Each structure stands twice: as structure tokens, then as C-alpha cells.
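First up is the structure itself, then whatever we jot down about it.
All heavy atoms count here, side chains included; hydrogens, waters and symmetry mates do not. All ligand and atom numbering here is 1-based and tracks the order in the structure. Computed from a prediction, not measured in an experiment: that's the story for all the values here.
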Amino acid sequence: MKKNWKVRPEDKDYQAFLLETNKKLGAFLSFSFNEAMTGDGEFQGIPLAVKDNIAVKNQPLTCASKLLENLVSPYDATVVSRLKDKGAVVIGKTNLDEFGMGSSNQDSALAETFNPWDPLVVPGGSSGGSAAAVAAGMVPLAIGTDTGGSVRQPAMFTGVFGFKPTYGVVSRYGLTAYASSLEVPGFIARSVEWIKLALELTAGADPHDQTTTSDVLAEVRPIKKIGYLKVDDGLSPVMAAAYREHIEAWKDLGYVLMPVDIPALEYAVPAYYTIATAEASANLARFTGIRYGVRPDYAQNPQELVKKARTAGFGREVKRRILLGTYVLRSGFQDQYYHRAQKIRTIIRGDFNRVFEKVDILLMPVYPTQAFPRGESGLSHLQQKLADKFTVGANLTGIPAISIPAGVRDGLPLGFQLLAPALHDRDLIQMAQLWESKTSIPAPPNYPPRWED
Ligand code: GLN
């Protein structure tokens, strides 16, 4: 099956539209309009946007960091090459919070990205550029990465679908590592069919990534029971009301809805940030300014060179996380933090397993609020971390999750997520397609769809 997207990357009007739209949204950090099509297949001539922490040959790979501002990738990530092999053309790289660390795109060191629904609110993050590009109709499909919610949350904030596959199904080769045990490439689209195609074409073991699994995706099961997470507090009033309505909507579609508890979710955020920062402190040690990236003009010795490069190159949030990660890993204290976080991770996995003994699919919020205001009146860094409560569970356990748009309130999109046991990604795609066929997925008023998706 081949999807139809009316414009081609070489179309001059389309390129003008992209440049014009990007002036308003800042979704892309770079465009590459002279990319030749190198493959043939389902994605023939389809323009693709790729988050700028994923390698695309001969295109920038900045990770939205000053340190890598001048880096151009010499190779393709596996997730990119597999889509290129089917004819996709990468038209540009999208903005993110530096190295994927954040939830608003306000922690990008290189550009500001605006939410197509309202320039006063954030697009979400860290794959905010990818989500904004899709929501504004710039591309049919964008690749992001999801370490703790970074595909699902910006998709929700911009009113589109965002899918995080089972860990190990889509190769991480070519993804600039932030927290390797948690993250996966994911897909963002207004139409689920694109996500389905992208998953089918990119899933599968990769010799370049030893964590990819040789297990194949399970066939679609008949879904009857949906468990919904009982949420007593912590949601904004708008989100709480919408959640109740959303649960009713699934009942109206004929499903059995059962309330479920995941008690250990209470500890998910501290466990996530302990593990994520520990892994980040190790992964980001490679950025020394010696082999690649920005290097200082003058240093007396290698140590000073590295220090100068990292001091000038990393943003505040990245430095904070490297410090935190180094702290939780320091010798003598691993039991107190890192090992304890790993134990919590195991308990959370157990909780999810128990839920999936009773229900086929799990439904829960993506985020406690709709897209929040930019700047001071929005959420602080600490508040943003606490708000990752609902998304990090899927990363700690490795299970698949998809965020689905669920209407608009006060001019901003609403959305919720469906989760399934590991390797049951196709169940989620099928449920999202059903949802898509029964509801309307509105576009931002200022960015009406220019072509059939
Ligand atoms: N908000 C989370 C964090 O800052 C998730 C980021 C991500 O998934 N890349 O770590």
C-alpha cells in the first residue's frame, strides 16, 4: 500500500511554503532541499522531517547544542536509512531540547519553536520541532526520539499522533545517546497510516545496535478490555474532565473499561531521573571538543581544552543533568541512588505486568496539563520533570505507547495515551486507527491542511 502525499520535496511552491512557515514556527533547524531520492518503495518521494539528534548523512547533527553547532553527519541512522531505502527524502532537521533533555523546546540552545495552535504556548518536547512540523502540515511524518515521553508529549501538545515503539524494535544506531536504556526512535504524524508504515519498514534487528531484539512484533489481538489508570489528583481541571469524557468515549465504542492502579508509578519520576541522568553523564562524556564540535581557540593543555569546550558548549539544563548523574554514580553511593532506582524500575515493570494480566490495553493521561505557556508563566524545570509522571513508565518498562489526539479545549489540543505489552505495538496502531476513523482530528486554525494526508 502506498500513501499519497500531494507535494514532492523538489516542488518549489512547497519549499517556499516550508520556508515561510518555518519563519513563524521555528520547527526546523535546517533544510536540505537538494537531497536526492536514493530508494524506491512505499515512501517514494515522501518528505520526511528528522529530529536533529538523529544522524542523516551530509546534514547537520547539532542536537540543538552549541557544542555540535557545526557538526555534519557522515552517515545515516538505521531508522533513517530504512525509510530512505523505501524512497523517503529527508527535507530537514527539527529542533529539540538540547540532547533531548526537556519538555518544552525552550532548552534548545539554537532556536525557538512555537506551537502552531498558539505562539504563546510551548510545542512540547523534546521532539517539539518534529511535532510542530507535522501539526502545521509541513511534512506528513516526522521522526523523533522518546526517552521519557519526548514523542508522545509534544504530539499531544500539538494535536497529532505520537508513537513510541517497544524498546529494541527500532534500532537506536545513529541516535545521539542521552539515556540508552530508556530511549527509542518514534514517529509523529497526523494520520496513523504513516506511523504504521514507518514502523513496519523500520522494525527489526540491526547488527549496529546490540540492544535490538530478534523477536518479531506480535500479530494484532482482538481487543476487548481497556484498563484506565485511576488518577485522583494531579491533573488540571480541564485535563481531568477531558479524561473522564475520553474514558466514556471508549465505552461508547463498545469496549469494557476497568479502572486499574499502578502504585509504583508514584516513584517513576525519581527513578527515571536517577537512571536518565546517570546514563547521560556517561554518554555525554564523549563531547570533549576534541574529535568533533566546537573547540576553543586556545588552551594550554588538553584538560583545559575539554573544560573550556564543555563550559561554553553545554547549556544549563545539560550541565545540571551531568552533575546530577555524576552525583548519583559517585563511588560509595550507588546503592543509595542508582541501584535503588533500578529496583524501583523492576517493581514498576511488575505493576505493569499485573495490569496486562487483567486488561488488553492500558489508557492513561500523557501529561497533567495542556500545552503550557512559554517563559516565566509556564512550568519551571522541576515542575516539568514532575509532570513526566505519566510518560516515563513506558520507557522504564520498554513497552509501546501511542498518544492520540482527543479534541480541543480553550483553543488547545487534548490527548491521551494507549499502552500495550511489549511487542504488541500493532495493537496500538490498530486502536489508534479505529479512534482516527471515529473522531475528527482538527488542525490548528492558522495552519489548515493544504493537502490530503
Ligand atoms: N522530559 C523528559 C526529559 O527531559 C523526556 C525527554 C525525552 O524523552 N527525550 O528527560
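- Under the 6.0 Å cut-off for aromatic ring centres, Tyr367 and Phe157 qualify, their centroids lying closer than that.
- Checking each of Asp261, Leu363, Leu265 against Leu229 for a side-chain contact (heavy atoms from CB on, under 4.5 Å) leaves exactly one that passes, namely Leu265.
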Using the rule given for salt bridge (Lys or Arg N to Asp or Glu O under 4.0 Å), can you reason through Lys57 versus Asp76, listing the C-alpha separation, both sets of side-chain angles and the distance that settles it, and then say yes or no?
CA-CA 5 Å; Lys57 190 171 176 175; Asp76 278 327; over 6 Å; no
Pair Glu98, Arg321 - check salt bridge (Lys or Arg N to Asp or Glu O under 4.0 Å), show working.
CA-CA 11 Å; Glu98 190 174 353; Arg321 293 188 189 206; over 6 Å; no
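- Within the 3.5 Å criterion, the main-chain N or O of Leu423 finds a donor-acceptor partner in the side chain of Thr166.
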Go ahead and list the nitrogen or oxygen contacts between ligand 1 and the protein that come in under 3.5 Å, distances to 0.1 Å, or just say none.
from     : atom 1 : to     : atom 2 : distance (Å)
ligand 1 : 1 (N)  : Gly102 : O      : 3.3
ligand 1 : 1 (N)  : Ser103 : OG     : 2.9
ligand 1 : 1 (N)  : Asp388 : OD2    : 2.9
ligand 1 : 4 (O)  : Gly102 : N      : 2.9
ligand 1 : 4 (O)  : Tyr273 : OH     : 3.3
ligand 1 : 4 (O)  : Arg321 : NH1    : 3.1
ligand 1 : 4 (O)  : Arg321 : NH2    : 2.9
ligand 1 : 8 (O)  : Thr147 : N      : 2.8
ligand 1 : 8 (O)  : Gly148 : N      : 2.6
ligand 1 : 8 (O)  : Gly149 : N      : 3.3
ligand 1 : 8 (O)  : Ser150 : N      : 3.0
ligand 1 : 8 (O)  : Ser150 : OG     : 2.5
ligand 1 : 9 (N)  : Gly100 : O      : 2.8
ligand 1 : 9 (N)  : Ser126 : OG     : 3.3
ligand 1 : 9 (N)  : Thr147 : OG1    : 3.2
ligand 1 : 9 (N)  : Ser150 : OG     : 2.6
ligand 1 : 10 (O) : Tyr178 : OH     : 2.7
ligand 1 : 10 (O) : Tyr272 : OH     : 2.7
ligand 1 : 10 (O) : Arg321 : NH1    : 3.0

Apply side-chain hydrogen bond (donor to acceptor under 3.5 Å, both in side chains) to residues Ser130 and Lys51 and explain how you reach the verdict.
CA-CA 6 Å; Ser130 286; Lys51 187 179 182 180; over 6 Å; no
